[in-house]
Amino acid sequence: MSTETKESLNFIEQMIEEDIANGKNDGRVHTRFPPEPNGYLHIGHTKALCISFETAQKYGGKTNLRFDDTNPSTEETHYVEAIKKDIKWLGFEWDGEARFASDYFPQLYAFAVDLIKKGLAYVDDLSPEEMAAQKGTPTKPGVNSPNRDRSVEENLDLFEQMKKGEHPDGSMVLRAKIDMTSPNMLMRDPIMYRIKHEKHHRTGDEWVIYPMYDFTHGQSDAIEGITHSLCSLEFIHHRPLYDWFIKHLEIFPSKQTEFARMNVTYMITSKRKLLKLVQEGLVTGWDDPRMPTISGMRRRGYPAKALREFCKKVGVARRENLIDIKLLENCVRQELNQTANRMMAVLDPVKVVITNYPEDKTEDLILINNPEDESAGKRVVPFSREIYIERADFREDPPSPKKFYRLGPERNVRLKGAYIIRGESFVKDENGVITEIHATYYKDSKSGEDNSGVKAKGVLHWVSVPHAKEIEVRNYDRLFTDETPTNHEGKDFLEFFNTESLKTITGYGEPALTKVKSGEQFQFMRIGYFCCDPDSSEDKIVFNKTVSLRDGFKKKK
RNA sequence: UGACCUAUGGUGUAAUUGGCAACACACCAGUUUUUGGUUCUGGCAUUCCAGGUUCGAGUCCUGGUAGGUCAACCA
């Protein structure tokens, strides 16, 4: 008898298993991911990506990548490339070639003609203002357009004229004839096609009329044989319309299911607002390591695996949610703890002179690269008479001496992988700032061959002064000072922009840090995880702080 | 003054579909450790409210309450 706990299914998986059990679509599962190429993918898309790709994968199905490119005003090809790159980086493979809704423009046009012929669509040349006025409000029904009962012939003719470019932008639209009194605003004769004399990123000048989202999405799903069209909750009101078009066009009945989008503290997921950060120069670009975009998180050093694990832990449901960013950071640490090699770097240095260590001596010490992964091997780290340690690792007069394990006068401390040293004295400048610490070492306390009998509670990281390499370190903090910067009525989210979100400093690293490639990740011992930035050059290696280590000392303070 | 969606610890998801409210994160207290990291242990809930059905309700019924979404020729 096995007592293994049964994995619980989320509501989408439950639905799919039911569909499969009922033999629906011959048990086929085919999902799709439909980004609009008008911006970069962000943390919210990561969840959508995981749901669509992983759910299909779980049931032996496929996932299409389809760009929803029906609005030439905002869409650009370079976004297409960035989106593809992000999806691949996350580790997802779409079925066949990437598809485009614009590939279906001819078919969509034919669908529209079909509906006109069925008396279910009409051309309306009311002004946008008049149309809005007639639409009513959520609590007040709309009224019919005077053009609602044009003859099929006239509609066919006018629609053809629209297509041929005989009418200016905004002068007329094609609408579905549904119900102006519906409590669902989207069913009040929604617009199917509008005129836009604009160049499309793929079809160029071929079209001057473009279908709206609602007249594109469901049909595209149907054309591709998508069985389960998974989207976020805000499309829930679109579902009746999605079904209406499929029903009246008599095409493959794809089924839309909605889930709650993910919100993460201190992050925003509005493409428009992210674009604003980029345009106003508050960040260096869509891939600024502070951005909640996939490209930003990649550059920051968040592993793809950690992002997927995060989504898994977040789960899927239909209620509003706000995930603590600490969960994401936990996933990142957990992954990096296993994979990132350890290095020593001192980011706020103060010099220590070991007065009883020979002046011209250098020792090559051997340190383990990753205690969590033996196969990561070892490396050589030079040790000498003068070293850097962190300023915070020395206290002239610790406030609570019993809880302070670090260096101070008459205090012993272990230098990681090297010797135990004892603080003796220190030098201050005219401002009272410590400029140099003097210490002595215990000769027979060398790491691995310690028979000194000396005890040291604390262990410090260090870098040998003559061997130290300068590195640029970009320390990042949250992009906003508020958990939900977009949730304050009457306040612009930019009021919560954290002007201290980037602090660039110069630190010293051990020599091995100079042979590092862009994208490589390390744990700087006792500090955090860092990722080599593409801005690095031969004479200046740049590191992005991915996330700090958990700090038990800080907490107790 | 409408329609639709949702309500389970601080946060997010579970609960074999009516049978002892579980897991993760966070937080707190310890343990281990040549990283104050990692590991390990323990602590942390009147399931929105009020009635009802039942031997038994987070789950079913009735009535409330609260939050979210919808009025772009955006997706």
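Letters A, B, ... mirror the listed sequences (proteins, then strands); counts begin at 1.
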- Proximity to the side chain of Val314(A) - top-ranked nucleotide from G12(B), C73(B), U13(B): G12(B)
Between [N] and [M], how far is it from one [atom1] atom to the other, in whole Å?
N	M	atom1	value
A57(B)	G51(B)	P	14 Å
U34(B)	A29(B)	C1'	25 Å
G30(B)	U11(B)	P	26 Å
C60(B)	C70(B)	P	28 Å
A24(B)	G56(B)	P	34 Å
G10(B)	U47(B)	C1'	16 Å
C27(B)	U65(B)	P	38 Å
C40(B)	G18(B)	C1'	38 Å

Mind calculating the distance between [atom1] ([X]) and [atom2] ([N]) to the nearest angstrom?
X	N	atom1	atom2	value
Asp324(A)	A24(B)	CG	P	16 Å
Asn337(A)	C40(B)	CG	P	12 Å
Met192(A)	A72(B)	CE	P	19 Å
Phe310(A)	A24(B)	CZ	P	17 Å
Tyr266(A)	A26(B)	OH	P	15 Å

In terms of the angle between their ring planes, are [X] and [Y] parallel, tilted or perpendicular, with boundaries placed at 30° and 60°?
X	Y	result
Phe100(A)	Phe67(A)	parallel
Tyr388(A)	Tyr508(A)	parallel
Tyr40(A)	Tyr79(A)	perpendicular

Ring pair (Phe, Tyr, Trp, His ring centres under 6.0 Å) against [X], all qualifying residues, sequence neighbours excluded:
X	answer
Tyr302(A)	none
Phe235(A)	Tyr213(A), His238(A)
Tyr122(A)	none

May I ask you to say what [X] touches in the nucleic acid, namely base, sugar-phosphate or nothing, with a heavy-atom cut-off under 4.0 Å?
X	result
Glu372(A)	base
Gln134(A)	nothing
Gln523(A)	base
Tyr419(A)	nothing
Asn321(A)	sugar-phosphate
Gly417(A)	base
Val173(A)	base
Met212(A)	sugar-phosphate

- Query: Taking for each residue the nucleotide of RNA chain B bearing the nearest heavy atom, is the 5' side occupied by Tyr193(A) or by Val316(A)?
  - Reply: Val316(A)
Contact under 4.0 Å: [X] side-chain N or O vs [N] OP1/OP2:
X	N	value
Arg318(A)	U6(B)	yes
Ser8(A)	C23(B)	no
Arg550(A)	U38(B)	yes
Asn330(A)	A26(B)	yes
Arg194(A)	A75(B)	yes

If you take atom types as modelled and just measure distance, does the side chain of [X] reach the base of [N] with a donor-acceptor pair under 3.5 Å?
X	N	answer
Arg319(A)	G67(B)	no
His237(A)	U69(B)	yes
Arg342(A)	U35(B)	yes
Glu320(A)	G12(B)	no

- Heavy-atom side-chain contact between Arg308(A) and Glu54(A) under 4.5 Å: yes
- Message: Using a strict heavy-atom distance below 4.0 Å, which residues from residues 158-167 of chain A are in contact with RNA chain B?
- Response: none
- Query: Hey, is Asp103(A) close enough to Arg202(A) for a salt bridge, meaning N to O under 4.0 Å?
  - Reply: yes
- Under 3.5 Å donor-acceptor, Lys47(A) side chain and Ala260(A) backbone: yes
- Checking Ser232(A) side chain against Arg261(A) main chain: does a donor-acceptor pair fall under 3.5 Å? no
- Item | Results of side chain to side chain donor-acceptor pair (under 3.5 Å) for Tyr441(A) - residues two or more places apart only | none
- Task: Represent RNA chain B in dot-bracket notation, 5' to 3'. Only Watson-Crick or G-U wobble pairs with both distances under 3.5 Å count; pseudoknot-style crossings use [ ] and interstrand partners use |.
- Result: .((((((..((((.....[..)))).((((.........))))....(((((..]....))))))))))).....
- Is the gap between the ring centers of Tyr419(A) and Phe383(A) under 6.0 Å? yes
